[in-house]
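Structure record follows, encoded as structure tokens.
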Amino acid sequence: MGGKKDLAPFMEYLKELFPEAHCELTYNDPFQLLVATILSAQCTDKQVNKVTPLLFSEYADAESMAEAPIEKIEKLIHSTGFYKNKAKNIKSMSHALIHEHNGKVPDNMESLVKLPGVGRKTANVVLGNAFKVPGMVVDTHVKRISNRYGLTKNSDPEKIEQDLMKIFPRDRWTELSHQLVLFGRYFCTAKKPNCNECKIFAYCPAGNKLVK
DNA sequence: CTCCCGATAT
DNA sequence: ATATCAGGAG
């Protein structure tokens with residue numbers, strides 16, 4: 001049988017680049033992390049952290065968020081973009097939490113993805129960081145890197161998630177998720193990846209096509 | 001596949 | 001001034 005791709009250099013390089021990779025969203029509990037993660041779509045964590053202190057000081061939990069006037073939420077989260085969708089999702093998600101989960105954020109994938117505005121990416125962030133349930137977060141960065149580096153041949157994020165879980169040790173999933181996102185954001189970027197400085201260029205199937 | 005939107009980079 | 005960024009719902 002053909003040997004599996006050697007992932008050691010890849011994991012070691014990520015560890016070298018991001019030894020302290022962790023969730024950069026600020027939050028006090030699972031509910032706040034869930035809200036912050038919804039806000040983080042198409043928005044930097046830094047920008048999210050600018051609005052959440054005030055948002056949570058006004059509406060700290062599912063109960064108060066569910067009763068908050070939608071216009072107030074919109075105003076508080078405005079700078080994170082897509083604010084109308086996000087405000088609606090945060091409010092109805094909070095409502096669902098109260099009526100279907102006793103006001104608590106569920107700690108399993110099936111329940112999380114049923115919440116308004118919550119997909120697998122958001123669910124995995126909450127599971128990994130708030131509940132320490134290992135999982136692979138597949139956002140656009142992780143997807144791009146997985147395809148470039150030959151970690152998967154799939155384009156469907158859920159399939160990629162399965163593939164990554166097969167090839168990486170379970171106890172590294174959450175850390176790797178953070179490292180992959182950072183690697184994609186700052187090094188292996190969509191447009192002009194820094195192939196010239198990449199230490200694993202030699203192992204990268206896409207490398208020679210990307211470098212100019 | 002399109003729409004939702006502001007912030008940041010260029 | 002304009003391009004780019006990049007989850008989830010319909």
Side-chain angles (χ1 to χ4, degrees), chain A residues 21 23-27 30-55 65 70-97 100 105-106 108-130 135-149 151-152 154-164 173-174 176-195 206 210 212:
Chain A
C23 182
E24 302 195 346
L25 263 8
T26 52
Y27 61 95
F31 174 73
Q32 293 189 356
L33 176 59
L34 177 51
V35 172
T37 307
I38 289 173
L39 292 177
S40 75
Q42 280 79 341
C43 181
T44 61
D45 290 355
K46 196 178 162 191
Q47 194 64 32
V48 173
N49 291 338
K50 281 186 193 170
V51 311
T52 46
L54 194 54
L55 178 68
M65 195 71 82
I70 195 84
E71 305 79 26
K72 293 268 291 180
I73 301 178
E74 287 180 359
K75 193 168 184 181
L76 286 162
I77 69 171
H78 182 272
S79 68
T80 64
F82 294 176
Y83 63 92
K84 281 182 185 281
N85 281 348
K86 289 176 180 176
K88 182 155 56 71
N89 286 150
I90 288 169
K91 187 172 163 86
S92 49
M93 173 278 285
S94 300
H95 194 265
L97 246 32
E100 291 157 39
V105 177
N108 62 85
M109 177 63 73
E110 309 86 270
S111 300
L112 281 167
V113 296
K114 284 180 187 155
L115 297 170
V118 180
R120 296 189 68 87
K121 184 265 180 182
T122 299
N124 270 317
V125 170
V126 171
L127 287 172
N129 296 288
M136 289 300 309
V137 173
V138 181
D139 69 350
T140 185
H141 297 297
V142 178
K143 176 179 174 176
R144 182 177 65 253
I145 292 164
S146 299
N147 285 127
R148 278 184 180 168
Y149 204 65
L151 303 177
T152 180
N154 289 300
S155 58
D156 171 34
E158 187 168 350
K159 293 246 181 66
I160 295 176
E161 196 186 314
Q162 307 294 338
D163 289 339
L164 296 181
W173 291 350
T174 300
L176 271 166
S177 294
H178 290 131
Q179 292 171 330
L180 288 169
V181 171
L182 294 172
F183 185 55
R185 184 174 299 156
Y186 301 115
F187 294 82
C188 196
T189 52
K191 295 219 78 168
K192 294 181 194 164
N194 299 341
C195 292
L210 298 171
K212 295 205 173 151

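Across the protein-nucleic acid pair, A/K143 atom NZ and C/dC5 atom C1' stand 15 Å apart, rounded to whole Å. Atom CD1 in A/I90 sits roughly 16 Å away from atom P in C/dG7 (whole-Å rounding). Distance NE2 (A/H141) to P (C/dT4): 15 Å, rounded to an integer number of Å. One can place CG of A/L25 at 14 Å from C1' of C/dG7, the figure rounded to the nearest angstrom. Atom-to-atom, CG of A/N85 to P of C/dA6 comes out at 18 Å; the value is rounded to the nearest Å. Between A/D139 atom CG and C/dG7 atom P there is a gap of 5 Å when expressed in whole angstrom units. Going from atom CD1 of A/I38 over to atom C1' of B/dC4 covers 15 Å, rounded to whole Å. Per the geometry, NZ belonging to A/K86 stands 11 Å off P belonging to B/dA7, to the nearest Å.
The side chain of A/S79 lies closest to B/dG6 when the candidates are B/dG6, C/dC5, B/dC5. For A/F82, the listed nucleotide lying nearest its side chain is B/dC4; candidates were C/dA6, B/dC4, C/dG8. When each of C/dG8, C/dA6, B/dC5 is scored by its nearest atom to the side-chain atoms of A/T140, the top-ranked nucleotide is C/dA6. For A/K191, the side-chain atoms get nearest to C/dT4 when compared with the rest of C/dT4, B/dG6, C/dA6.
Remark: the backbone N or O of A/I73 is not paired with any side-chain donor or acceptor of A/K91 at under 3.5 angstrom. Put simply, the side chain of A/N124 never gets that close to the backbone of A/G135: no donor and acceptor are under 3.5 Å apart. Judged by distance alone, the side chain of A/K86 and the main-chain N or O of A/A41 form a donor-acceptor pair under 3.5 Å. Although no hydrogens or angles enter the test, the distance criterion places no donor-acceptor pair under 3.5 Å between the side chain of A/N154 and the main chain of A/D156. Looking at A/R120, its side chain never comes within 3.5 Å of a backbone N or O of A/E158 through a donor-acceptor pair.
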Under 3.5 Å, N/O pairs linking protein and nucleotides 8-10 of chain B:
| unit_1 | atom_1 | unit_2 | atom_2 | d |
| --- | --- | --- | --- | --- |
| B/dT8 | OP1 | A/Q47 | OE1 | 3.4 |

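Across B/dT10 and C/dA6, the matching P atoms stand 13 Å from one another, rounded to whole Å.
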### Query
Run the side-chain contact (heavy atoms from CB on, under 4.5 Å) check on A/S40 and A/E24 step by step: do they pass?
CA-CA 11 Å; A/S40 75; A/E24 302 195 346; over 6 Å; no
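Using a 4.0 Å heavy-atom cutoff across all strands shown, A/N89 reaches no nucleic acid atom at all. Here A/S40 lies out of heavy-atom contact (under 4.0 Å) with every strand. Residue contacts for A/Y83: at a heavy-atom cut-off of 4.0 Å it reaches the sugar-phosphate backbone alone, with no base atom in range.
Nearest heavy atoms, A/R148 versus A/T189: NH1-O, 2.9 Å.
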